[in-house]
Novice: 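To start, I am sharing the structure in question, which I have written as structure tokens.
Lettering of chains follows the sequences in order, A, B, ..., and the numbering in each one begins at 1. These values consider heavy atoms only, across backbone and side chains, with no hydrogens, waters or symmetry-generated copies.
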Amino acid sequence: MELEKELNSQQLKAVLNSENSLLIFAGAGSGKTRVLTYKIAYLIKERGIDPFGILAITFTNKAASEMKKRVIDLVGRVGEYMWVSTFHSFCARLLRREISRFGYNEKFIIYDSDESLKLISRCITDTGYDLKMVSPKSVQETISTSKNKLIDHESFIKRAFDPFEKIVARIFPLYQDELHKANALDFDDLLFLTVRLLKDNPDVKEKYQNQFQYILVDEFQDTNLVQNELILLLYNGSNKIFVVGDDDQSIYSWRGAEISNIINFDKNFSNTIVIKLEQNYRSTKFILDAANELIKNNYSRSKKKLWTQSHAGELISKFRAQNEQEEAKFVAKKIRDIIAGKNKKSFKDFAIFYRTNAQSRAIEEVFIRENIPYRIFGGLKFYDRKEIKDMLAYLKLMSNPKDIISLTRVVNVPARGIGNTTISHIEKFSQNNGITFCEAFYDIEKINTVSPSTRQKIRDFISILDNLRDYLDNHTIEETIEELWEKTSYIKELAIENTIESLNRIDNLKEFLTVIKEFEESHNSIEENAKLSLHDFLQEISLVSEVDNYDEDADTVTLMTLHNAKGLEFPIVFIVGLEEGIFPHVRSITGGYDDVEEERRLCYVGITRAKEKVFLTSSILHYIYGDQRERLISRFIGEIPDELFIDENKATSLLYSSEETGNYTVNKKSVFQFSKNHPERYSKQESRSVDMFSTKSKDSKKSDNSGFKKEKDFLNFKVGDLVEHKLWGNGEILRAKKSVDDLELDVVFKSVGLKKILASVAPIKKIQ
DNA sequence: AAACGGGAAGAGTTT
DNA sequence: CTTCCCGTTT
């Protein structure tokens with residue numbers, strides 16, 4: 001290990017310093033993974049730290065296993081004893097050992113958001129509310145936020161003030177109770193209970209404080225209150241803390257991430273120093289310039305500037321399409337062109353990022369038609385598919401018979417004559433007798449409101465489960481699944497259905513089997529603790545994210561949301577849908593200023609993923625709820641100086657002139673032409689508040705003699721007019737809205753993009 | 001009990 | 001345009 005050769009001076013400092021609590025400000029692409037890896041290797045090899053005493057928290061499981069692998073490459077197999085995982089996996093692992101203190105069984109299962117939502121819905125109904133009046137989603141959100149602030153249901157009740165909170169105050173305790181009865185935890189409980197465990201049990205706390213001599217946390221800017229609390233509990237002042245973060249890449253405030261965790265770092269830990277990594281090794285200069293220029297527009301951020309020694313590289317590109325299809329086609333065409341070029345690029349060098357999962361569809365459709373191989377991350381995840389969830393429900397039920405959500409999910413899947421009537425009879429019986437639904441279900445003989453024939457069906461179902469449980473004792477999970485298919489006729493029913501959809505489901509199930517097989521194999525070989533139990537398998541499945549399954553060897557284009565893109569890098573990056581209302585998202589625009597700043601950081605994250613080339617695309621028309629609406633170009637495009645852009649609308653010679661778009665040709669005037677053909681589209685705009693902005697001063701009211709607007713003729717501006725602005729040059733009016741005695745205009749300028757201005761004060765004139 | 005159809009609501013990002 | 005829920009029919 002030749003640290004001096006491998007690291008720059010700041011990186012080296014971060015690796016070698018073992019005296020202080022360290023806060024590393026690591027800009028995008030500044031080699032923080034490298035620093036983390038070398039740091040750990042250095043600790044083990046040079047400082048003689050026991051790997052078992054090292055805790056490293058990463059943002060994804062994939063990052064965790066990668067880091068582990070790299071460390072093992074450097075230090076050998078002793079590295080396997082490190083604790084490297086996400087917060088959630090760490091907590092699950094800890095609770096596995098200690099949860100009995102809370103009256104849970106160590107075989108607890110983890111409910112994903114869907115399952116938790118179902119349980120919440122049950123609780124709402126049980127409390128006597130109507131699901132239409134009390135939205136399960138809002139309740140779930142409120143409970144989740146509460147747990148993430150370390151407020152349990154008892155404290156919540158005390159501080160519930162508004163009517164909605166009062167309602168949640170009734171549901172929250174019930175929900176916790178139901179979770180407990182089902183021996184289940186939701187995602188937030190994992191963190192919440194771990195914190196409580198350490199708080200309430202000094203002996204446990206001390207045990208882990210002593211074990212973890214070094215605590216390293218990656219992506220610290222995205223930690224929330226509970227997570228910070230957890231770290232603080234593990235810290236006793238004599239062990240060491242090392243965190244890495246970048247405030248410009250903080251994109252999870254909606255999930256409770258607290259930037260104050262960074263700000264208060266020096267108060268929370270002793271003897272702190274800050275090290276900044278500002279040299280970027282990933283991107284070419286133009287890309288970095290664009291990212292820097294963009295992020296400069298954020299008010300709240302610490303001062304820093306990424307720099308690079310890299311060559312200028314290629315300018316970034318922008319393209320404004322007519323609609324989503326054309327936008328997707330542009331992406332496809334560019335990919336094809338670049339691959340055909342001499343830079344020897346293949347599909348896996350490309351990534352396409354978007355703001356919302358739904359946006360992947362347009363791209364997908366075009367890629368299928370044009371035969372471009374791709375993989376989508378997020379959206380409808382593999383494990384979210386009905387058939388897979390059914391399998392997991394069966395498995396969960398085998399592992400934990402108290403799992404009411406899984407039981408109700410599969411009790412009649414495939415249909416076996418145990419329908420809603422029966423379920424509500426059991427429900428009623430359990431309520432009347434003060435027992436849980438599951439208890440009533442397994443004791444079906446006592447419920448004589450259920451007909452004998454139905455009771456027989458339930459007995460059959462229960463014995464299927466029992467038999468599968470026995471079967472698992474001397475078979476692998478894979479074999480047990482096959483047995484499950486056999487005994488429930490699950491596959492058979494799908495085959496009989498014989499639709500494209502059902503056959504597709506069979507394929508997915510076979511893939512599921514492969515996943516399980518690989519899982520079992522890999523775990524048996526790597527980990528010594530021999531036989532992987534079903535329970536371990538389920539825990540891991542609950543906590544994997546889609547990105548964890550990313551396989552960099554497959555030669556396909558990658559499609560994912562910008563949030564998922566964090567921590568990854570690609571030679572060529574497309575960000576699509578750069579439109580006001582999409583990115584930045586409407587909900588951020590109508591929210592506070594902070595929200596738009598977070599969107600901007602998200603865009604920054606996207607751009608800085610690219611090593612060689614960035615494309616920012618948008619389209620004029622966009623479908624929402626099956627309704628086509630026009631969209632203004634995103635402000636983020638306007639915030640990046642024009643000198644850094646290649647305008648593909650000009651540069652590309654008419655890619656898409658023909659079929660769908662009629663006479664439409666792509667050139668620099670595309671925006672203008674469109675609105676002239678469809679002026680009526682702009683008239684149905686509702687009133688929107690005008691984000692005031694500051695050209696109104698000086699020379700506005702007094703007309704100077706340059707011809708820029710005077711007196712009352714400003715009322716003559718209308719949608720579609722081409723105008724010249726004193727500072728920004730030519731633009732086109734996209735919207736005009738009368739206010740009391742003025743005209744609010746949305747104008748797209750060639751130089752700066754979209755601006756909102758008041759006709760009476762802005763220095764603009766009409767161009768003939 | 002299951003299948004079908006009409007109507008309403010809905011998609012912001014995730015462990 | 002989708003998905004989900006509910007009421008109706010078989």
Novice: Which ranges of DNA chain B pair up as stems, where a stem means three or more consecutive Watson-Crick or G-U pairs with both distances under 3.5 Å?
Specialist: B:1-10 with C:1-10

Novice: Verify the distance criterion only: is there a donor paired with an acceptor across the side chains of T86(A) and S89(A) at less than 3.5 Å?
Specialist: yes

Novice: Verify the ring-centre separation between F353(A) and F574(A): is it less than 6.0 angstrom?
Specialist: no

Novice: Please check if atom CG in N420(A) has more than 12 non-hydrogen atoms from other residues, nucleotides or ligands closer than 6.0 Å.
Specialist: no

Novice: Heavy-atom distance under 4.5 Å between the side chains of E579(A) and I620(A), does that happen here?
Specialist: no

Novice: Report the C-alpha distance between F441(A) and F429(A) in whole Å, list the side-chain angles of each, state the deciding distance to 0.1 Å, and finish with yes or no for ring-ring contact (aromatic ring centres under 6.0 Å, His included).
Specialist: CA-CA 9 Å; F441(A) 183 86; F429(A) 181 88; over 10 Å; no

Novice: Cation-pi check for Y604(A) against R301(A): NZ or CZ below 6.0 Å from the six-membered ring centre and within 45 degrees of the axis, yes or no?
Specialist: no

Novice: Quick one: I589(A) CD1 to dG12(B) P, roughly how many Å, whole number?
Specialist: 13 Å

Novice: For residues G417(A) and T454(A), report the shortest heavy-atom separation together with the two atoms involved.
Specialist: O-CG2, 4.0 Å

Novice: Can you tell me the distance, in whole Å, between the CG atom of L578(A) and the P atom of dG12(B)?
Specialist: 18 Å

Novice: What's the CG-P distance between L117(A) and dC4(C), to the nearest Å?
Specialist: 11 Å

Novice: With no hydrogens and no angle check, do the side chains of N228(A) and T223(A) hold a donor and an acceptor under 3.5 Å apart?
Specialist: no

Novice: Please give, in whole Å, the distance from dT3(C) C1' to L131(A) CG?
Specialist: 17 Å

Novice: Can the ring centres of H153(A) and Y175(A) be said to be less than 6.0 Å apart?
Specialist: no

Novice: Check for a donor-acceptor pair, side chain of Q249(A) on one end and backbone N or O of D246(A) on the other, with a separation under 3.5 Å.
Specialist: no

Novice: Rounded to whole Å, how long is the line connecting atom CD of E493(A) with atom P of dA1(B)?
Specialist: 17 Å

Novice: Rounding to an integer number of angstrom, what distance separates dT13(B) and dC4(C) when you compare their C1' atoms?
Specialist: 23 Å

Novice: For nucleotides 13-15 of chain B, give me every protein contact, N/O to N/O, under 3.5 Å, one pair per line with atom names.
Specialist:
unit_1, atom_1, unit_2, atom_2, d
dT13(B), OP1, N357(A), N, 2.8
dT13(B), OP1, N357(A), ND2, 3.1
dT13(B), O2, W254(A), NE1, 3.1
dT13(B), O2, R355(A), NH2, 3.0
dT13(B), O2, H563(A), NE2, 3.3
dT14(B), OP1, T561(A), OG1, 3.0
dT14(B), OP1, N564(A), ND2, 3.2
dT14(B), OP2, N357(A), ND2, 3.4
dT14(B), O4', R255(A), NH1, 3.4
dT15(B), OP1, S545(A), OG, 3.4
dT15(B), OP2, K381(A), NZ, 3.4
dT15(B), O2, H88(A), NE2, 3.1

Novice: Taking C-beta and beyond as the side chain, do R631(A) and I624(A) meet within less than 4.5 Å on heavy atoms?
Specialist: yes

Novice: Give the rounded distance in Å between these two atoms: NE2 of H622(A) and P of dA11(B).
Specialist: 16 Å

Novice: Between dA11(B) and dC6(C), how far is it from one P atom to the other, in whole Å?
Specialist: 16 Å

Novice: With 3.5 Å as the limit, what N/O pairs link the protein to nucleotides 2-10 of chain B?
Specialist:
unit_1, atom_1, unit_2, atom_2, d
dA2(B), OP2, N412(A), ND2, 2.8

Novice: For the pair made of CG in D114(A) and C1' in dC4(C), what is the distance, rounded to whole Å?
Specialist: 13 Å

